[in-house]
Amino acid sequence: MNLTDLKIGQKGKIRDFADHELSIKLMEMGCLPGEIVSFDRVAPLGDPIAISISGYQLCLRKEEAAVILIERQP
Amino acid sequence: MKVALVGNPNTGKSTLFNALTGLNQKVGNFPGVTVDKKTGHCKLPDGSSIEIIDLPGCYSLYPKSKDEAVVLDVLVDENNSSHPDLIVVIADASNLKRNLLLYSQVADLHIPVILALNMIDIARKKQITIDVDQLAKELGVQVVPICARKGENIDLMKQAIANAPAVAIQKELVDLDAFLAPKVREKLSTLAAQKSSYAGLLLLKGHDLVSFLPHERQVKFDELIEEETIDRDSLQRKETLQRYQSIDKVLEKAVVRTPLSDQKDKVTNQLDFILTHRVWGFVSFFLILLFIFQAIFAWADYPMGLIEDFFAWVEETGKSYLPGGALTSLLLDGIIAGLGGILVFVPQIAILFGFIAILEDTGYMARIAFLMDKVMRKVGLNGKSVVPLIGGLACAVPSIMASRNIENWKDRIITIMVTPLMSCAARLPVYTLLISLVVPNEKVWGFFNLQGLALMAMYLLGVVAAIVVAWVMKLIIKTKERSYFIQELPIYRAPRWKNVFLTMYEKVKTFVFEVGKVIIAISIVLWVLASYGPPAKFEAVEEKYASETMLAEYPEEELEHMKSAELLENSYIGIVGKAIEPVIRPLGFDWKIGIALLTSFAAREVFVGTMATIYSVEEPEDDTSTIRQKMEAARFADTGEKVYTTATAFSLMVFYAFAMQCMSTVAVVYRETKGWKWPLIQIAYMTTMAYLASLLVYQLLR
């Protein structure tokens, strides 16, 4: 499953990335395999979304969030 | 000694820069966004003076946008005028892992480095405890905990800079030699010719974005990549992962986190609930904009009145004390009138720049990008375009530079093309003057000021035009590059008032000096062109008014008035204005407005000064009524109708809203797009649009 499969408030652990090019940008911004992400909110028009990772907030478009492969966390 | 500041965005880099340099900064930049490098001076405890260079915020040294390439340019090119002897990396202590990625890259450049840990207070709130000495030991550098916002430990920082070693002593966190085969490594180091092998690796990836490599050398890099079939993406990915692994080991020893540490910032969470809410998000965005525009009018009213009165007083006093003649007339009617016409708008410009600095500083600007990305994407822009576009409300020049942080070429070009449509501060004087002429100063529904609403309508018109043009360009311009939008949402914080006031002061100073120079020059040229004409024509007018019949027919005062009007009409500028009148008459403009349009092609704000010059030249010398009254009384010579009717005023405002009347913008678009193609397209489409829209407005309202 990927990040967009989460519902607001749910958490996941990053497993891998589905896109090579984008993965570097995401890793530089702190999205690393093994980190816990939580899905915080959606922009009023349905896209982009805001997520929390290692204590700070990031926003990205849904198509970019779909690149982040995760496993659900309680 | 030169010291460069490097850090992630939103880590308080610019605040540290301000704290170190204070008012000793060179020409300012855009509020909050350091788009190019910024320099200033700082005195160390031992009395020596050093140069501080503030570089744009970045997450990594591998450049993805032009913005980030500036950092690589300065740090890697030893011939760069800003190449530092020491680098201070500013890290957000509450988010150390990600911040240390950049640190570890910088450390590998073999330039002495100091780590400044900012926002220790926020880290403490998040229950993160950092053992500074241990961290310093693990990294092999000086680590200075600071709180730039409160100005804490700035002295320690200065001391650390003074104590910095002359050669790099920091530990390397990754084994760079492991990434490339020895044969390739050797080839790369000969090609890159850098003192650190890491610089070679950076150039392998970013050689086409940096500006210091000649084209032949860039091509050599491409050849090497092809020859050795180097997969740069996976190389970078491997490197990034290894750096994070080493950082984890360092943090394990130096940082204690309690289990609470993933707790979110409560205030930010609650504010975001409202400010990015489905409904209230847009409502609050709209209300904030409305408040800003109301404030620009309401708060600036009183100081503007004072400035207006002051200049009227100077003119009056000057006329009663100075001897009459050409020089006095040049000084009072040319320079003072021109300057007064523009200085009166300083309060409004200061307020606007103040608000933009506050939006940026509090973290709300990033939310606007978050709110607007979807809309922006539909019309071919990017959420990040919002910063240049809103900045365009102040000035298009720094805003166009701020578009550098948009990674995608097409998104960036479209942003550059439409930013000048946003109503910049220079249009404000034009709008204010014309609105005050034709819109009554009344309140509707007991709350909204009618003039404020009219002003807001003009601003909205600019926004709508920008959106429509962007959408059209999206359909025309083709690209294969992908567009993306990943940005940090910083926590909300109270604005740093000192920073806000510093920005306002700097902007007003730049405005007064830079624009003032142009305005004085144009005022003088205008005054000369308006005071002199072909001698034969001037003599004819003089003769006509000296004749017995004229003297007998009109009272002396009216005669004077008619004579100066006719002299202006026959002056050089009058002749030019008359020549273009047939073209602009369908828009409702007379030849005097024509003159203002011509001078405005240098810069829009010149309009008011030009009007001041033209009308005070026309009036007999004892009349010092303010420019507004003079324009109100203006009539077409042939029909006797008022010049500034609602139709003409709005047609003129629409012209100013759309036309490309700014030399500096043309220059910056040329620089940013590296050629004349885009600036020329921009001039052509904007001016055509201005003419057609004005024509439509005038013909409809007439």
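Predicted, not measured: the structure shown is a model, and the values here were computed from it. Throughout, a chain's letter reflects where its sequence line sits, starting with A, and its residues are numbered from 1.
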Looking at B/K378 and A/D47, is there a salt bridge between them, counting it only when a charged N and a carboxylate O are closer than 4.0 Å? no
For chain B, find which of A/A65, A/G30, A/P33, A/P48 contributes the most heavy-atom pairs closer than 4.5 angstrom. A/P48
Is it the side chain or the backbone of A/E28 that comes within 4.5 Å of chain B heavy atoms, both, or neither? both
Hey, which of A/I53, A/L45, A/L60, A/L26 has the most heavy atom pairs under 4.5 Å with chain B? A/L45
Non-hydrogen atoms of chain A under 4.5 Å away: do they reach the side chain of B/K97, the backbone, both or neither? side chain
Taking it one step at a time, do A/L32 and B/Q245 satisfy side chain to side chain contact (heavy atoms under 4.5 Å, CB included)? CA-CA 11 Å; A/L32 290 167; B/Q245 271 166 18; over 6 Å; no
What I'd like to find out is whether the side chain of B/E488 reaches to under 4.5 Å of the side chain of A/Q57, using heavy atoms alone. no
Does the side chain to side chain contact (heavy atoms under 4.5 Å, CB included) test come out yes or no for B/D233 and A/I24, once each step is laid out? CA-CA 8 Å; B/D233 277 351; A/I24 297 170; 3.9 Å; yes
Working note: B/R98 + A/E35, criterion salt bridge (Lys or Arg N to Asp or Glu O under 4.0 Å); need CA distance, chi angles, decisive distance, verdict. CA-CA 12 Å; B/R98 193 194 68 200; A/E35 293 275 350; over 6 Å; no
Answer yes or no: are there more than 12 heavy-atom neighbours, outside B/W471 itself, under 6.0 Å from its atom CH2? no
Answer with side chain, backbone, both or neither: which region of B/T240 has an atom nearer than 4.5 Å to a non-hydrogen atom of chain A? side chain
Structural part of A/I36 lying under 4.5 Å from a heavy atom of chain B: neither
To the nearest 0.5 Å, tell me how far B/F485 CZ sits from A/E63 CD. 12.0 Å
Which residue out of B/S94, B/P490, B/G383, B/S60 racks up the most heavy-atom pairs below 4.5 Å with chain A? B/S60
Yes or no on side chain to side chain contact (heavy atoms under 4.5 Å, CB included) for B/L489 and A/L58, after CA distance, side-chain angles and deciding distance? CA-CA 5 Å; B/L489 292 174; A/L58 210 64; over 6 Å; no
Largest heavy-atom contact set with chain A, pairs under 4.5 Å, which of B/L102, B/D272, B/D92: B/D272
Looking at side-chain heavy atoms only, is the closest gap between B/L371 and A/P44 below 4.5 Å? yes
Report which part of B/R367 has an atom under 4.5 Å of a heavy atom belonging to chain A: side chain, backbone, both, or neither. side chain
Just checking B/R278: does its CZ atom have more than 12 heavy atoms from other residues, nucleotides or ligands closer to it than 6.0 angstrom? no
Set out, in order, the CA-CA distance, both residues' side-chain angles and the distance that settles salt bridge (Lys or Arg N to Asp or Glu O under 4.0 Å) for B/D373 and A/K62, then state yes or no. CA-CA 11 Å; B/D373 180 64; A/K62 275 187 174 161; over 6 Å; no
Report the option among A/R61, A/H20, A/E64 that has the most heavy-atom pairs separated by less than 4.5 Å from atoms of chain B. A/R61
Looking only at heavy atoms and a cut-off of under 4.5 Å, which of B/Y244, B/Y62, B/W280 has the most pairs with chain A? B/Y244
With chain A, which of B/I491, B/N99, B/V279, B/N382 has the greatest number of heavy-atom pairs at distances under 4.5 Å? B/N382
Please classify the contact between A/S54 and chain B as side chain, backbone, both or neither, with a heavy-atom cut-off of under 4.5 Å. both
Region of B/N10 in contact with chain A, defined by heavy-atom distances below 4.5 Å: neither
